[in-house]
There are 2 protein chains.
Amino acid sequence: MSAGGMGPTLDDRGARSLLRTIPVRKGPDLQWAPAEPPRRNAAMPDARTSGPTAGRKRDPLIEPRVFEAAVRVYARAGWGGFTFDAVAREAGVGKPALYRRWSGGEELLVSALHNLDFPTARDCGSVRADLLDYARQWVHWYRHPDRALAGRRISLDSRARPALAALYEEMINRPRTEAAREITRRAVARGELAPAVRSSTLPDLLVGAMSTHWESTPEGSRARLRRTFPAYAETLVDIILAGAQAMPPRP
Amino acid sequence: MSAGGMGPTLDDRGARSLLRTIPVRKGPDLQWAPAEPPRRNAAMPDARTSGPTAGRKRDPLIEPRVFEAAVRVYARAGWGGFTFDAVAREAGVGKPALYRRWSGGEELLVSALHNLDFPTARDCGSVRADLLDYARQWVHWYRHPDRALAGRRISLDSRARPALAALYEEMINRPRTEAAREITRRAVARGELAPAVRSSTLPDLLVGAMSTHWESTPEGSRARLRRTFPAYAETLVDIILAGAQAMPPRP
């Protein structure tokens with residue numbers, strides 16, 4: 001699909017042009033494979049239907065390295081220290097390679113989070129499989145402390161920076177919120193949940209509990225948490241699902 | 001109780017001296033009163049058992065104004081803009097009044113959050129009453145966008161500032177995490193929940209879902225959310241409780 005349905009809220013150097021030029025986002029490197037091959041959610045932007053901007057040189061090996069470096073620099077130094085200079089140094093590439101590819105820090109940072117497996121709910125055939133798959137993507141996400149920290153920073157830094165806020169909303173927050181809400185809509189359509197359950201409730205509970213648990217664990221205990229997190233996440237799925245299934249149908 | 005049980009992790013200008021001098025923390029201004037008068041949780045620091053530092057002038061009218069101003073300045077300007085100058089200007093008091101009371105920005109900021117009704121779980125007689133009371137404190141917290149934003153900022157800003165991190169951990173995070181975990185321990189003791197439920201799970205789900213719901217709601221829709229948040233929070237309590245009650249006892 002193209003990004004045409006997202007509405008023209010950004011100018012030409014914004015998300016729409018970004019959507020045409022970002023490389024294809026690969027599926028997350030899951031710890032456990034989902035029950036069946038996930039189907040891409042219709043709400044997710046996808047660059048596959050349109051080629052790279054004519055004349056732009058592509059080096060597929062540079063981009064993953066720059067994305068990792070960008071998230072590392074941003075997580076550690078915040079927006080104040082997030083410069084093309086710092087990212088180029090961290091990635092070991094020349095600054096021109098960055099200027100050829102990204103219009104500015106906003107585009108580079110949001111592209112990096114988008115391409116580094118920012119968790120995205122998928123259809124795995126049942127509400128339990130969907131929730132487990134989503135939980136495992138978040139477990140994987142928290143294995144990379146820089147990504148988790150960058151994800152927290154960006155929503156705060158977006159407040160004073162409308163260009164960053166618009167790109168983040170368009171590329172990350174809105175499509176992923178939508179994809180997560182589809183878990184409940186599919187469950188209702190399959191007859192697994194009563195229509196009384198709001199589509200935001202399940203992802204709020206799962207993602208919220210995982211992030212709160214992570215944040216309230218002191219740094220020194222996080223190595224241990226990384227080992228127990230998969231089992232904790234599965235318990236959360238069990239509780240959330242049992243609780244949602246106990247909800248009476250809307251009166 | 002005194003803070004003696006918290007361990008000597010700070011120097012004399014740190015949390016232990018702060019605990020002796022902060023004014024008594026009043027209970028939150030709840031939208032709904034809890035079922036019965038809450039009992040103060042044993043894990044919470046309390047300044048009532050020790051008087052103000054000898055010779056320090058107290059003006060009870062100044063402190064609430066300074067706390068509100070401090071949280072406002074910090075929420076808007078972050079740690080970089082959080083100076084005694086800016087807080088004094090915002091509060092309409094002289095800088096000497098601040099220097100007389102607080103040793104520095106860390107102490108002022110953490111005291112402010114501590115005194116401005118940072119949600120704290122309490123014993124209201126049953127697990128459902130405890131969770132509803134805690135949920136309502138969070139609803140109240142999110143009515144003050146500056147407080148909510150300050151609470152998110154401080155855990156990020158603490159990363160590079162050990163003095164702020166230690167005070168935040170000692171005064172806010174550790175005692176409140178502990179108080180929240182008591183909800184489950186009391187429920188297990190009352191026979192309301194099976195011992196299989198970990199004490200962190202219920203607060204992770206409740207606080208996490210509320211904060212995720214709040215954060216993923218665009219600014220423009222938050223006025224509406226403020227109206228629907230109490231009902232949403234109550235639904236969360238229902239789901240969490242039904243889910244936790246469905247957990248089998250530990251094998």
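Residue numbers start from 1 in every chain, and the chains themselves are labelled A, B, ... in the order their sequence lines are given, proteins ahead of strands.
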Show the nearest heavy-atom pair for residues A:Gly208 and B:Thr212, with the distance to one decimal.
CA-OG1, 3.0 Å
Positions in residues 146-155 of chain A that reach chain B, provided some heavy atom is under 4.5 Å away
A:Leu149, A:Arg152, A:Arg153, A:Ser155
Using a cut-off of under 4.5 Å for heavy-atom pairs, which of A:Ser216, A:Gly243, A:Ala160, A:Ala246 has the most such pairs with chain B?
A:Gly243
Can you measure from CD1 (B:Ile239) to CG (A:Leu202) and round to the nearest 0.5 angstrom?
7.0 Å
Using 0.5 Å steps for rounding, measure from the CD1 atom of B:Ile240 to the OG1 atom of A:Thr201.
10.5 Å
Report which part of B:Leu236 has an atom under 4.5 Å of a heavy atom belonging to chain A: side chain, backbone, both, or neither.
side chain
Those residues that, when tested against A:Arg161, pass side-chain hydrogen bond (donor to acceptor under 3.5 Å, both in side chains) (two or more places apart):
none
Using a 4.5 angstrom heavy-atom cutoff, name the option from A:Glu169, A:Arg159, A:Glu215 with the most pairs to chain B.
A:Arg159
Could you pull out all residues at least two apart from A:Tyr142 that satisfy ring pair (Phe, Tyr, Trp, His ring centres under 6.0 Å)?
A:Trp214, A:Phe229
Selection residues 235-246 of chain B - residue pairs positive for side-chain hydrogen bond (donor to acceptor under 3.5 Å, both in side chains), sequence neighbours left out:
B:Arg128-B:Asp238
Check whether any side-chain heavy atom of A:Arg198 lies under 4.5 Å from a side-chain heavy atom of B:His213, and answer yes or no.
yes
